[in-house]
Every structure is written in C-alpha cells, then in structure tokens.
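Below you'll find the structure, written out as structure tokens, and then a few comments.
Below, read A as the first sequence line, B as the second, and so on, with proteins coming before strands; counting in each chain starts at 1. None of these values were measured; they are calculated from a predicted model.
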Amino acid sequence: MASLAKELSAAAGAAFEAMGLEARFGEVRRSDKPELADFQCNGAMAAAKAAGRNPREIAGEIAGALKAHALVLSAEVAGPGFINLRVSDAALSARAEAVRGDAMAGGEKAAAPERITLDFGGPNVAKPMHVGHLRSAVIGDTLQRLFRFLGDEVVSDTHLGDWGLQMGHLISELQDEQPGLIYFDAGFTGPYPAEPPVTMDDLARLYPQASNKAKADEARNERSQKAVAEMQAGRAGFRALLTHFINVSVASLKQDYAFLNVSFDLWKGESDVDGLIPEVIARFKAKGLAVESGGAWIVPLAREGEHIPVEKNGEITYKNAMPPILLVNSRGGTGYHTTDLATILDRVEHMGPAPDRIVYVVDQRQAQHFVQVFRAAAKLGLMPEDRLEHIGFGTVNGADGKPFKTREGGVLRLADLNSMALEEAFRKIDAAGKLPEDMSAEERADVAHKVAVAALRFSDLMNTRITNYVFDLDRFTSFEGKTGPYLLYAAVRVKSVLRKAAEAGHEPGAVAVTEDAERALVLQLDGFGAALLGAREKRMPHILCEHLYSLAQAFSAFYGALPIASDPDDAKRASRLALADAVRHQLETGLDLLGITVPERM
RNA sequence: GACUCCGUAGCUCAGCUGGAUAGAGCGCUCGCCUUCUAAGCGAGUGGUCGCAGGUUCAAAUCCUGCCGGGGUCACCA
C-alpha cells in the first residue's frame, strides 16, 4: 500500500485530468492546519489561473470527485480554493498496519535508481582528522546508507589525500630529524624495512612543524616541493615512505571512522591513480585542450563571456573568469586537479561498469575546484558535466565565526572530539541514573557510545548542509530537545513498552485508530516515504532528521496521552501496541539511515 | 572587482518548485511522576521573515537593486 498522501495525490490528479487539467495540480500533502484537515490540495488555484477559470468552482468539482474515494471521509473547499481532506479511521488503521509490516517501514524505492560512486571523507595521510572532517564523513555516510536503502547501487571511496605537498613536507621534515634513515639513501636498492619508521603521533607532529616552517621560509618550502616531485617521479625510498605513511594513517583513520559508524567500500587514494596521470596529460594534449603557460601546462575552461584575460606587468591573470586548471606545474609536478581527473578516468574506465554518476561530498569552499574538474572531465569526454555532482557543505566554525584552521596547529582532532562526546555521554548517563543496576560495564559502555554517536551525527545532520555553523561543544553533546539522544530515548521507550508488554503476554494486534493522538501519529508515519525521497533528491539528510524528530514527538505525545500496554481493554491495548511497534520499526529504520543505533535500554 | 552561499523569535535553526493565523529546539513562566522510562508531556512567552521596489487574487518563498556577513578566484589540497 502506498502512502495515503500518494494515493490521494493520484486520485486528485486523475480528477484534474478528467477536467482537462494537468495531473500535477493534484498534489496532496499534510495539512498545515490539523484542526481543519488531515491533508490539503492547493492545486485548484494554480489550475484556475492556467485555465482562466474560477478556482472555487474547480476546487468544488475536485472535492466532489474525491468524496467518492475509499480513503476519504470528507472533502471540503475553503478560502480561495483550498481543498481540505479528512481520511477515515479505517484508512489510517490500514496504513499503520502496512507500515508495521513493511520491510521499508513505509518508505518506497526511488523511481530511477542509479549506479553512484560516492566520494567522501577525504582525509589526508599527513595529518589526523580534525573537527572539519566530521561533516564529510557523517553527511557522506548518511547519503551512502540512504541511497542504498532507496535502491541505488553505491560504491563509496574515501579518496585519501596522499599525493600532494603534504607528503613532501613530511618526507623532508623526517629527513631533517633522522637523516640517517635508509629511505634517504639514494644509492640503496632495497628492500626497505617492513616496520614503519614513524607512528601516527610522529606524523601529526611532523606535518604542522614542516608546514609552519615552509610558510615562513621559501627555501624550506622549496625542499618540500622538491621532495614531492621526486616522490611523484618514483624515487624508491620516498615511495617506500609513502607506503608506510599511508598504512600508519589508515589504521588510525579507521578507528575514528568506526567510532562514528562510518564505512567505505574502498580506501583508494590519490597515489593509486599515479599511473594514470601521464595518460590524462597525454589525452588533454592530444585533443589540443592543454596549452603551455609560463613553463606549466594549463587547460583553459572559461566559456564565452567569462574569459577576461588581464595583462599586468607582463603577467596574464584571468580576472572575472573561470580560471584554467593547472595540469602540470612548472616543476613538472601535478596538483589535485590532475589527480582528480585521473581518479575520474580510473572510476569510469578501470573499475568495472562505469557509474551513472559520481558524487563528491566535500566542503563548499571547493565548489569552484569541482566546477573546474567537471568541465575539464567533460571536455575530455570522460563524463558529462551533469553526471558529476559536488555536494557541498558549510564549514564548522569556531566561536569567532571563522572556520577551524587546519594548518596552524591547535585544532581539535576528530579523535578528541569523539572522546569528549563519549565522556559527556557517560556523565549524562550517570547523572540521569536510569540504567539498571544489573547492567554490565560492557553494556554501559556500549550505551554511552551509542548516545555519543547519536549526539554527534544528529547535531551535524540536522542542519541544512549548505550553511556554516558554529562548533559548540554544548550543542554537540546536549541531551535535551532536538537532539540525537532525544530520539534514542523515544525509541528506547517504545522498545521498553513493547518488551514489558510481551513479558506480560500482551502482543500487538489489529490497529483500530480512534483518538486524536493516534490519528496524528499515523499521519506522521505516512510521511516517511516522502521524507526519504526528498532527502535523496536534494541530498539533504536534514529532511529525514526533521521527519524522525517529528515522529518521536508524535509518539511522545501519544505516550503521554493514552495508555498503551496498560490499557485494560484487550482490543485497544493490542491496537496501541501495534501502533507503537510501527513507530519502533520506522524510527529504528530511519535512525539506522542516519548511522544511529538504538540500544535496548538506556 | 567577479562569482558564490547566507541574512526568519533573545540564541541556534526549519520553512523557499508562491497559498490559509510564519514553525521547531534552547531560554523564560506555569502545570503534570502511587499507572507503560519525567533524557518526557501539556500550556504560555517571544518575529518590521536584512532594506527598497516589482510580478501576482496571493510573496519569507519568484524578479531587480541595495545593505551586512562567510567563501572562492592557476603552480598547497
């Protein structure tokens, strides 16, 4: 059974068509005014304008047709031409039962599923993840889960940053500290030691150290540039170091991601497409798309009207235009434009069936970079621009309103954020004092972890992803109001009611909706499918967050207003238990899509 | 300078493919635990939707222009 909103939309659409008007006017949605209606259709007014007719007259005819529909209790015209619909208790009851028994908890598959390569995470090998990496991880992972649930075929790839200047910084800084290491002996032919010469802490220390020096000292920066160029050119010792750095980093990254329930199918990185870079460059040159400029090779991308070259002191800058990409720099090295293009080539031509779409979940500040890469990829014929998609998100700012810096040091590590959230969860759990005395230390730790993850993921996902937000520890770990822990609490309470009822021998039965709180609850359940599809279409997880939060609220109101397991009437008790079970099913399903797991007790 | 995102309640934010009296959370004020988990529920408080024009029967929503803030603009990614 489709959602009530969908059934009603189809019926209203058919009624519009019968009048010679477009079916799209029949869109029915939840009413803004629950005291007046369950659902409303506003299409008559738009249709009247298109057809040059009286809106109330059209609304009256549509309402007349809808009255005959099996789900509809009443259909009335209000104001300038709103159609207010009430559905029958029987329709709501049937809908609740359908949600309860549905594998998708009332959701429905996407109409046109796609094969999607999802690129998110993007951690750098040189440095531990910081708070800014939270967003890509959490938004990307949620989209991954959502896409799969709705029928898309997803391959996720973390796309490690392991090929750029940061590797040069790391290599040269290590050489300064330990010049005797075998990796720096150009005459050595191998094999190199299997044990890594550094730990994650070493890497975390070496990188900012080198970066700061390079900023202050051009000669120091030049050495990093040289080191990276040599590494890219294939110097064996440097490649061996690269492999060590990657392995050390990945082990650490996996821990941070695992804490947040974030996973990837692939852990490929920029260095994996190293071998494809010459081919990318050759293809651009062969097609005449690359031009030489100041010793470097660039690919101009500006379109008609965009390209405004301005010459100043003998140098040409491209003011007010889409800048070209730097294919090969003047040292013969390549930057992230080129590796990104090589990665597209890899994904399209070397990894099985080509994806329908490649989606990048990366900071909004890189929007222009992606426009450039996408244009270049399209020019090369790798993939049309409209199949490449950048899902940007706002920065996580500090209290000063500025984004957390990543290269000056002093940033909050993601691992530390995770620990802080976990500590806070423990503290709040102890303060609430609700966990049963008999609960083992292991289970308590598990509950605290689930609460911490719910707090972190939900507080990040509930924001519209495009806007910046201020990092506020209280907000991340708040256990009151519109938060992940509130949702967990609501879900745990449903489970608790159901468990206790089962222990008393009471099972869910046939649903018979009668009370307002029950009607409101089922109407909320009915909106799940639309929320899922909306979240997928717009790539906006907060739409799903809003739905689940409203569902938890509707359940809490229902719980407060009516007895469930404690109702003495057998039929009412069975019906309300079934309603509670439908809520549990949809809440758990939806929270799982957000990467949030509900414990049995808390 | 160009492009881009944002500007809605004291604070943090939804709503933006135009529709009825603009919604949440936090805060603040009341009320509710001898009954299923009060990390809860109910009621109240609180808004020139940045400003000015325009389109429309109807604008927070669409268009134009301003103002304010963030971001980006080839050899770091």
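Taking atom CG on Asn124(A) and atom C1' on A77(B), their separation rounds to 7 Å, with Å as the unit. The CD-P distance, from Gln366(A) to U4(B), rounds to 19 Å in whole Å. As a whole-Å value, the separation of Phe479(A) CZ from G40(B) P is 12 Å. Across the protein-nucleic acid pair, Ile564(A) atom CD1 and U35(B) atom P stand 15 Å apart, rounded to whole Å. Protein atom CZ of Phe25(A) is 15 Å distant from nucleotide atom P of G19(B), rounded to whole Å.
For the pair Tyr489(A) and G40(B), the ring geometry does not qualify as stacking, because the centroid separation below 5.5 Å and plane angle under 30° are not jointly satisfied.
Counting non-hydrogen atoms under 4.0 angstrom, Leu577(A) reaches nothing in the nucleic acid. Residue contacts shown for Tyr549(A) are limited to sugar-phosphate atoms, with no base heavy atom under 4.0 Å away. Residue Val328(A) is classed as having no contact, given no heavy-atom separation below 4.0 Å to the nucleic acid. Residue contacts shown for Gln225(A) are limited to sugar-phosphate atoms, with no base heavy atom under 4.0 Å away. Within 4.0 Å (heavy atoms only), Gly335(A) reaches sugar-phosphate atoms of the nucleic acid but no base atom. Across all strands, Met602(A) comes closer than 4.0 Å to base atoms (heavy-atom distances). Heavy atoms of His542(A) sit under 4.0 angstrom from primed sugar atoms or phosphate atoms, though from no base atom. Backbone-only contact: Ser556(A) has heavy atoms under 4.0 Å from sugar-phosphate atoms and none from a base.
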Carefully, step by step, assess Thr483(A) and Ser478(A) under the rule side chain to side chain donor-acceptor pair (under 3.5 Å). CA-CA 7 Å; Thr483(A) 65; Ser478(A) 173; 5.5 Å; no
Between Ile83(A) and Gln40(A), does a side-chain contact (heavy atoms from CB on, under 4.5 Å) hold up when you go through it step by step? CA-CA 6 Å; Ile83(A) 302 165; Gln40(A) 63 180 335; over 6 Å; no
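Side-chain proximity of Pro80(A) to the nucleotides U37(B), G19(B), A74(B) is greatest for G19(B). Nearest nucleotide to the Gln40(A) side chain, out of C75(B), A20(B), C41(B): A20(B). Closest contact between the side chain of Ala557(A) and the listed nucleotides C41(B), C36(B), G19(B) involves C41(B). With A74(B), C36(B), A14(B) as the choices, the nucleotide that has an atom nearest any side-chain atom of Ser566(A) turns out to be C36(B). Taking every side-chain heavy atom of Gln368(A) into account, U72(B) is the closest of A24(B), U72(B), C57(B). When each of G19(B), U37(B), C13(B) is scored by its nearest atom to the side-chain atoms of Asn463(A), the top-ranked nucleotide is C13(B). Listed candidates were G18(B), A24(B), A74(B). Nearest to the side chain of Ile298(A) is A74(B). Closest approach to the Arg29(A) side chain among C41(B), A74(B), G19(B) is made by G19(B) (side chain taken as heavy atoms from C-beta onward). In this structure, the nucleotide among C36(B), C73(B), A20(B) sitting nearest to the side chain of Lys500(A) is C36(B).
With sequence neighbours excluded, the residues forming a ring-ring contact (aromatic ring centres under 6.0 Å, His included) with Phe558(A) are Phe555(A), listed by chain and number.
The base of A77(B) lies outside donor-acceptor range of the side chain of Asp162(A), with no N or O pair under 3.5 Å. Applying the 3.5 Å distance criterion, the base of A77(B) shares no donor-acceptor pair with the side chain of Glu270(A).
Listed pair Thr467(A) / A14(B) meets the phosphate criterion, a side-chain N or O lying under 4.0 Å from OP1 or OP2. Not one side-chain nitrogen or oxygen of Tyr336(A) sits closer than 4.0 Å to the OP1 or OP2 atom of C75(B). Proximity of Arg499(A) to the phosphate of U37(B): no side-chain N or O atom is located under 4.0 Å from OP1 or OP2. An OP1 or OP2 oxygen of A14(B) is reached within less than 4.0 angstrom by no side-chain nitrogen or oxygen of Tyr469(A). At least one side-chain nitrogen or oxygen of Gln553(A) sits closer than 4.0 Å to the OP1 or OP2 atom of G25(B).
In this structure, the ring of Tyr360(A) has its center no less than 6.0 angstrom from the ring center of His390(A).
Counting only Watson-Crick and G-U wobble pairs whose two distances sit under 3.5 Å, RNA chain B takes part in these stems of three or more pairs: B:1-7 with B:67-73, B:10-13 with B:23-26, B:27-32 with B:40-45, B:50-54 with B:62-66.
The aromatic rings of His369(A) and Tyr336(A) lie parallel to each other, their planes meeting at an angle below 30°, with 60° marking the opposite boundary.
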